[in-house]
Amino acid sequence: MPVSAAQKKAIEEIISALTGATSRRTKRRLAGMFLELVDRDSWPEYYEVIPQPRCINGVKANLSQNKYKNSLDVFEDLNLVFLNALYYNEEGSQISKDAETLKGILENEWRQRSVLPAPPSSPPPSAAQKVHATKDHNERAAASSAPAKPQPSSSKSQPQNLTPQSAMDVDPVPPTKPASKTEAMKTQSPQRPASPDMEVDVGGTPEPDAVPQGSVGDGENEEVVRQLEKGLPRWDGLADVGWAADIAPERMADIVVTLSKYRDTQGNKLAASLEAMPEETSVPDLSIHAPLSLTLVESRVRSGHYQSSQAFDKEMSQLFLKARRSYECGTESYGNVLVLQRFYQALTSSNPPSPPYSSTTRFASFPTGPGNTGYSDADTGTGITTTRMTTKDKVAVEEVQYKGWSVRIGDWVHLSNPDDASRPIIAQVFKCFASQDPQRKGQLGVSVCWYFRPEETLHPADRQFWEREVFKSSHFADHPLEDIIEKVACQFTARHVRGRPAPPFWYPGWPLYVCDSRYNDKERDKVFVKIKNWNSCIPEEVRKNKEYMPIAEFARPVFPRHLPSPFLSARKPVGPGGLLDAEEQDKDKDKAAEAEKPDSGGTGRPKRPKRAAVTKAEAERAAAKNLGMPAAASSQHASSPAAQTQSQLQLQSRTQSQVLAQAQAQQPVSAQNAYLQVMPPREDRSIVAAAGGVAALGNNATAEELSPELAKFFRCDPETKEVLWFGAPPVDIVHTLPPEHSHKYLAYLARQRKKVAAGQDEGGEAMDVDVDVNTNATVNGDGEHQVPKRRKMPPTATDTLEALLREHGLWSV
């Protein structure tokens, strides 16, 4: 059966989905190594192993030239691209993982198109998995013992003698041979299904402090996370609950046109972010795969495609879901999408706004968000937020349903942020309610506790944050359902490093945050207080529920990355937070010292006087903060003047002499610290200083720790056990040897120093040989100065080479 026009169009959409697929974290194109052909001369053994090489561009070219007589032949060739890569590459390599991901996308996209026949479930006869299945096991074992070959670059030039027919004879992936062909003969590495016996740690008990037991590279950590997430169940998508009702077809068209033409108060057309998205849906971990765009929805509305309000409402919500996953949180496009979603939810509410449409709060129900909101009276319930939940004019309900989401007590949500739409409010639901207020009688809502982002707090410049870290606040607020953007998840640090929330509390692809501390913004002295007991932060209804938010554990602990303050990056956020100055930092430190007591509300015990070493360290840290230098760099710099430890390369930008001078000036003189030893000034010889400091580097400087297994092969600091880094290779120079003295002379000098110290020196006779300290000349018994002869130093390698060149007449200046 020849390939019809409809089938050809569907296959072209599948190829576009394959070539447009990107990794979830780095947005890397997965199909980059599968597009072009490989140099046959560089990889001749590849053709000896792979009987039928294939590549995506070759399949695409043959399809455009109508060379396929059956649509299943196209599927077979596309499938061979990834089967060949899975066979030839080591299991677990990056290319093997990309091939496995793309193979799954191919099968899913193919099955979603009804015009295409069902794909076969087994590999084609020409696949390497079947061709090599009859080989002797001993031969396969011998081949698997060969060392892995390096992966060639995809940028190598292609052979010029390839004909169009031979374009299909090369596989786009020429990496290493598998470590075991017996294992690689599998069609693909199947995803680990969700098992009821999965190791799960249940909640309900206080969590221990999370202390890193070693540094592991980001690549290894990502692999551990990826392996766990690969075995978790996937999200089924928005459920059939909470959808709008009684939306007439004319109203549907009016809503779509209004969204596409809406401009904000600055005159920006927000729908441009939706229009810039490709119509094809190739976002990883997304429940929808069919093409979807604002233009497509508008055309379907005009053609009467939607038979019910629910169908229209659900597809619009899926469009916003696709857009949220396509843009990164914090970007302008992401913020535009969230404003349009909140505007759409207002238009489909029971009390829609009237034209002309304009809002200074981006259609959010609150005038201000975290960092700009003050507290109100909890008893009256008036104002913006309260320090505790209110029960006035509210009837509690077990669950609320809105736009496909079912929200219960303990769930985490994104809410519309009136201050910065690109950074939605993170909040935990403490109550679901139906309003009894006369003006909002019967309207559903949620009572939540706000969590602050780092850019919404005031903090010192040297404070570091976990990746995607948030802070529990004391702000409680009542939000209508229209403020809900989506469900998210948040974990306590001790649980976050051990695993991920098990479904249905979280699914791969959902936003996930980590919380380690509280943030107190009641007073000007902002304080971060480490959370001791996570149960004190969550709703009482779920504290003792063992089924609340269990975790699927990693193979080993995985700690998130540490990031500097967002206000030190090149793209500074415009937020209510900021950096504390030196005076505010000192107040913050005093406040934090007073706040160091158990989270349960008990009083802290009196503290002992600080030792002199502690006092000195605090003085150095205070001086370092005032100069914009991290305290860690200040305290470690003196231990290694010739080399800089790894942790100093991140933010150090001032000389040690400035730091110590200011520390001495600020430190009071008392009997307690009068004997403190102050290290002499040392020059800042770090790479950061040589490059012009932190200001010159901007956001381009990163620091990564070597693993203990690798660091042990290098010279390390004896105190910090960190690898020492030198700014330049050794210089080829001759070092002057120190003077050599006899033991008799050294004993004489010791006796003389002891006499001087005891005040008994009366200018006694000098030895036969003494040294004038000022002139470095010897003094004999008669008091005559004799300059010693200069020792002849051996020639260096450069001197020897220069002499040889001069001898043979090859030296020229």
Please enumerate all residues that pass side-chain hydrogen bond (donor to acceptor under 3.5 Å, both in side chains) together with Ser333, with sequence neighbours excluded. none

Could you give the distance from CZ (Phe82) to CD (Glu107), rounded to the nearest 0.5 Å? 10.0 Å

Using side-chain heavy atoms (C-beta onward) and a distance below 4.5 Å, is Phe75 in contact with Ile14? no

Distance (rounded to the nearest 0.5 Å) between Ser287 OG and Trp235 CH2: 5.0 Å

Is any side-chain heavy atom of Lys97 less than 4.5 Å from a side-chain heavy atom of Lys230? no

Tell me, do Pro124 and Leu80 make a side-chain contact under 4.5 Å, heavy atoms counted? yes

Residues at least two apart in sequence or cross-chain that pass side-chain hydrogen bond (donor to acceptor under 3.5 Å, both in side chains) with Lys60, listed by chain then number, are none

Have Asn221 and Arg226 got a donor and an acceptor in their side chains that come within less than 3.5 Å? no

Residue list, side-chain hydrogen bond (donor to acceptor under 3.5 Å, both in side chains) with Arg715, at least two apart or on another chain: none

Ignoring hydrogens and angles, state whether a donor on the side chain of Thr796 or Asp799 is under 3.5 Å from an acceptor on the partner side chain. yes

Measure from the side-chain N and O atoms of Lys322 to the backbone N and O of Leu292, and report whether any donor-acceptor pair falls under 3.5 Å. yes

Distance (rounded to the nearest 0.5 Å) between Ile11 CD1 and Tyr68 OH: 9.0 Å

Side chains of Pro53 and Val81, heavy atoms from C-beta outward: is any pair under 4.5 Å? no

I need the minimum non-hydrogen distance between Leu274 and Ala323, along with the two atoms involved. CD2-CB, 3.7 Å

Answer whether the closest heavy-atom distance between the side chains of Pro291 and Thr281 falls below 4.5 Å. no

Distance (rounded to the nearest 0.5 Å) between His496 NE2 and Glu469 CD: 10.0 Å

State whether a side-chain donor-acceptor pair under 3.5 Å links Asn108 with Gln112. no

Atom of Ser71, atom of Leu116 and distance for their closest heavy-atom approach: CB-CD2, 4.4 Å

Tested for side chain to side chain contact (heavy atoms under 4.5 Å, CB included) against Glu13, the lone hit among Glu279, Arg113, Glu109 is Arg113

Quick one: closest heavy-atom pair of Ala99 and Ala85, and the distance? CB-CB, 3.8 Å

For Asn84 and Arg54, the nearest pair of non-hydrogen atoms, with its separation, is ND2-N, 3.8 Å

So CG of Leu63 and CG of Asp77: to nearest 0.5 Å the spacing works out to 10.5 Å

Contact between Gln491 and Ile551 at the side-chain level, heavy atoms closer than 4.5 Å - yes or no? yes

So do the side chains of Ile15 and Leu78 get within less than 4.5 Å of each other, counting heavy atoms only? yes

Is Arg468 reaching over with its side chain to a backbone N or O of Val514, donor-acceptor style, under 3.5 angstrom? no

Electrostatic pair Glu229:Arg234 at N-O distance under 4.0 angstrom: no

Which heavy atom of Ile105 sits nearest to which heavy atom of Ala21, and what is that distance? CD1-CB, 3.8 Å

Is a side-chain N or O of Trp510 found less than 3.5 angstrom from the main chain of Glu486, in a donor-acceptor match? no

Within the 4.5 Å heavy-atom criterion, are Phe34 and Ile95 side-chain neighbours or not? yes

Tell me if the CD atom of Glu275 is crowded by more than 12 foreign heavy atoms within 6.0 Å. yes

N-O pairing of Asp98 and Arg28 below 4.0 Å: yes

Correct closest heavy-atom pair for Ile56 and Ala31 would be CD1-CB, 4.1 Å

Classify the angle between the aromatic ring planes of His562 and Trp466 as parallel (below 30°), tilted (30 to 60°) or perpendicular (above 60°). parallel

Would you compute the distance between atom CZ of Arg111 and atom CG of Leu106 and round it to the nearest 0.5 angstrom? 9.0 Å

